[in-house]
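Sequence positions, counted from 1, serve as the residue numbers for this chain. Reckoned from all heavy atoms, side chains included, excluding hydrogens, waters and symmetry mates.
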Amino acid sequence: MQLVVARIGRAHGIKGEVTVEVRTDEPELRLAPGAVLATDPATTGPLTIETGRVHSGRLLLRFEGVSDRSGAEALRNTLLIAEVDPEERPEDDDEYYDHQLIDLDVVTADGTQVGRITEISHLPSQDLFIVERPDGGEVLIPFVEEIVTEIDLEEQRAVITPPPGLIDDRAEIASSREEP
């Protein structure tokens, strides 16, 4: 199974290094020197990581055969893809690969069917489940512990405890004004 683990950003310096937008919780495993990664577009790769370092909070990588700024600039916006065993699980019990979550049934704690996870959106502050409702509509569910209380891969379901208004129209309106 293939997982996108990073996106190449701008060139850094003149010796072929690039900034990398990390898209994995395991960069030390997936983006280590010697790792061979497929690419999208495929014509750019495969790429072998020669060196990696952190500079001002950003991961910088250099690839074998890329030794100057123009070579690094040519890689900009390329996706780096790692080959992963489909049975492999992240080290932390509370982490999941996207492919493990896609197509899970979403139900409330009382067993009410909400829908099926069709996509996961990775935002800077949190991840969102994009859930297709039985009526064809969509609902966005933040993948946070307070809302997603259980992921059961054996039963192929995600159990949620949604706040009012998340999956229905019965939102509670809080107001600091007194009622007349």
Side-chain angles (χ1 to χ4, degrees), residues 1-104 106 115-132 138-148 151 153 156 158 160 166:
M1 163 156 288
Q2 295 187 324
L3 294 176
V4 174
V5 293
R7 184 182 67 81
I8 297 175
R10 299 187 320 216
H12 179 84
I14 61 171
K15 295 182 180 178
E17 285 185 311
V18 294
T19 61
V20 176
E21 176 190 311
V22 177
R23 294 189 180 176
T24 177
D25 290 336
E26 302 167 321
E28 66 285 344
L29 175 65
R30 308 281 179 220
L31 301 171
V36 179
L37 302 167
T39 60
D40 183 8
T43 55
T44 308
L47 294 172
T48 302
I49 298 174
E50 187 174 286
T51 63
R53 66 185 178 104
V54 176
H55 175 72
S56 298
R58 296 208 57 128
L59 179 60
L60 302 178
L61 295 179
R62 181 179 302 133
F63 299 99
E64 289 181 6
V66 180
S67 58
D68 61 15
R69 185 173 185 87
S70 59
E73 277 295 337
L75 298 175
R76 191 172 190 164
N77 292 322
T78 298
L79 296 177
L80 299 175
I81 303 167
E83 190 65 39
V84 177
D85 180 348
E87 301 302 314
E88 184 178 325
R89 294 277 318 260
E91 291 179 11
D92 190 343
D93 288 339
D94 291 337
E95 293 179 2
Y96 301 91
Y97 293 128
D98 287 3
H99 73 271
Q100 294 174 304
L101 301 171
I102 299 291
D103 286 333
L104 291 185
V106 179
R116 181 181 57 84
I117 300 172
T118 57
E119 188 179 339
I120 298 164
S121 179
H122 300 282
L123 304 175
S125 60
Q126 67 192 18
D127 295 336
L128 287 176
F129 289 161
I130 298 166
V131 176
E132 183 179 313
E138 279 186 346
V139 63
L140 304 178
I141 299 176
F143 187 20
V144 294
E145 191 174 1
E146 296 79 23
I147 296 173
V148 180
I151 298 291
L153 296 178
Q156 287 290 287
I160 64 169
L166 183 65

**Request:** Output every pair passing ring-ring contact (aromatic ring centres under 6.0 Å, His included) with a member in residues 42-83, not counting sequence neighbours, ordered by first then second residue.
**Result:** His12-His55
If you look at every heavy atom in [X] and [Y], which pair is closest and at what distance?
X     : Y     : answer
Val22 : Pro27 : CG1-CB, 4.0 Å
Ala32 : Ile49 : O-CB, 3.7 Å
Leu61 : Gly52 : CD2-CA, 3.8 Å

**Request:** Among Ile102, Ile117, Leu104, Leu140, find the one that has a side chain to side chain contact (heavy atoms under 4.5 Å, CB included) with Phe129.
**Result:** Ile117
**Asked** Applying the side chain to side chain contact (heavy atoms under 4.5 Å, CB included) test to Ile81, which of Val5, Leu37, Val4 qualifies?
**Response** Val4
**Prompt:** Is it the case that more than 12 heavy atoms not belonging to Arg10 sit under 6.0 Å from its CZ atom?
**Reply:** no
Show every donor-acceptor pair shorter than 3.5 Å between a side-chain atom in residues 67-74 and any protein atom, with sequence neighbours excluded, or say none if there are none.
unit_1, atom_1, unit_2, atom_2, d
Asp68, OD1, Ser70, OG, 3.3
Asp68, OD1, Gly71, N, 2.8
Arg69, NH1, Gly13, O, 2.8
Glu73, OE2, Ala11, N, 3.4

**Item:** Distance, nearest 0.5 Å, that separates CZ of Arg7 from OG1 of Thr19
**Value:** 7.5 Å
**Item:** Gap separating the CD atom of Glu17 from the OG1 atom of Thr51, nearest 0.5 angstrom
**Value:** 5.5 Å
**Asked** So do Ile8 and Leu47 actually touch side chain to side chain, heavy atoms under 4.5 Å?
**Response** yes
**Leu60 side chain reached by Val20 side chain, heavy atoms, under 4.5 Å** = no
